[in-house]
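Report on one structure; see the data block that follows.
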Amino acid sequence: MSVSMTGSGEIATPVESSKSAMTWGPIFGGAAAAIGVTLILLLLGSGVGLTMVSPWSGQSSSLGTVGVTAAIWLVVVQWLSSGLGGYITGRLRTKWAAVHTDEVFFRDTAHGFISWALATIFVAGFLASSLTSLAGAGAQAVGSAATAAVTAAASTASAADLPTAYFTDALLRPEQARAGATSDDTAATAEVSRILLNGAAAGQIPDDDKAYLATIVSARTGLSEADARTRVDTVLKRIDDAKVAAQKAADEARKAASTTALLGALSLLIGAFIAAAAAAFGGSQRDEEEDILVTPRI
């Protein structure tokens, strides 16, 4: 505290309040209100979102539509909860006496911002806990799938041996493939599988492999060489189409996740501003009417 001397020799001492500028009661009250509204709206949004997806083909919205809708709903949730929490924080705070108007405005906005921050931290922790539970269930499912895959792989060839098995087949490929294909169905099926898997890994199937596949198909089905080659080309095109469809779905998921993240960050920034502005608005309504204490003259 600084003390100054006036021109007349009087001592001027600044007046400082003994009370803190931070009032935690209204902050916690506004944060609790924001958390409650957020949870209610999130459950409502989850119920509406479940109506957009269906296990039946053709009855679900696209992944991009679901992602954008979820992002927009998160923005609405953030704005509504922030506005209500900030307003309650501003209205519940006790009026400061002998404080400049600008300082009152700043304190109200600061209270609204802190209330928003507490509510956001709580909701983020709640969502993180929920996602952790889902991730644990997913990890358990992946572990079960991995165990099943290892069991299945034990009865055939391991994935690491696939390139070696493919090139071994190429080295030992008989000149008369038709006789081998008709005499040993299991070996022919395994060899065709290795050719297709190697083609998927390499991105394309060589022409000599296509010709060999056509020979095996012709031997197994009784088709002519030309018809067998047509069938091979048709199946390979279906494989390529499935790969393109999978890549398209992954790209749509990436775009939806990116849009959700950007809108989420923007909604948080705007939510903080709304909470601060709502607290200032609530504080201005709180201070509109002034209570005057009248003391009778003695």
Side-chain angles (χ1 to χ4, degrees), residues 1-45 71-128 262-298:
M1 179 183 299
S2 60
V3 179
S4 61
M5 185 76 70
T6 63
S8 59
E10 298 174 340
I11 298 177
T13 303
V15 178
E16 294 186 7
S17 175
S18 60
K19 296 182 178 180
S20 173
M22 185 74 67
T23 307
W24 285 104
I27 291 176
F28 285 124
I35 292 170
V37 172
T38 299
L39 295 180
I40 292 174
L41 294 178
L42 285 179
L43 289 176
L44 177 62
I72 294 175
W73 182 247
L74 288 177
V75 171
V76 174
V77 170
Q78 174 66 212
W79 291 4
L80 291 178
S81 61
S82 298
L84 179 62
Y87 180 78
I88 290 178
T89 300
R91 287 301 299 267
L92 292 181
R93 186 186 57 76
T94 304
K95 179 180 178 180
W96 283 299
V99 178
H100 194 275
T101 305
D102 292 341
E103 180 65 18
V104 172
F105 177 80
F106 172 78
R107 292 183 183 184
D108 282 334
T109 56
H111 277 64
F113 176 80
I114 296 174
S115 175
W116 165 86
L118 289 177
T120 302
I121 292 172
F122 180 86
V123 173
F126 173 78
L127 294 178
L262 293 176
L263 286 178
L266 180 62
S267 69
L268 288 177
L269 292 175
I270 298 179
F273 174 79
I274 290 177
F281 177 70
S284 66
Q285 288 189 333
R286 177 201 61 226
D287 296 339
E288 278 181 358
E289 296 185 3
E290 208 173 30
D291 292 333
I292 300 175
L293 179 62
V294 179
T295 304
R297 182 180 298 178
I298 299 176

- Message: Can you give me the closest heavy-atom contact between Ala280 and Phe105, atom names plus distance?
- Response: CB-CE1, 3.5 Å
- Mind checking whether Ile35 and Leu39 have side chains closer than 4.5 Å, heavy atoms only? yes
Distance-only check: which donor-acceptor pairs under 3.5 Å involve side-chain atoms of residues 110-123, not counting sequence neighbours?
unit_1	atom_1	unit_2	atom_2	d
His111	ND1	Arg107	O	2.7
His111	NE2	Thr23	N	2.9
Ser115	OG	Ile27	O	3.3
Ser115	OG	Ala31	N	2.9
Ser115	OG	Thr89	OG1	3.2
Trp116	NE1	Gln78	OE1	2.5
Trp116	NE1	Thr120	OG1	3.3
Thr120	OG1	Trp116	O	2.8

- Item | From Leu42 atom CG to Trp73 atom CH2, the distance as rounded to the nearest 0.5 Å | 9.0 Å
- Task: Mind checking the CD1-CG spacing from Ile88 to Leu84? Nearest 0.5 Å is all I need.
- Result: 4.0 Å
- Could you tell me whether the side chain of Ser82 and the main chain of Trp79 form a donor-acceptor pair under 3.5 Å? no
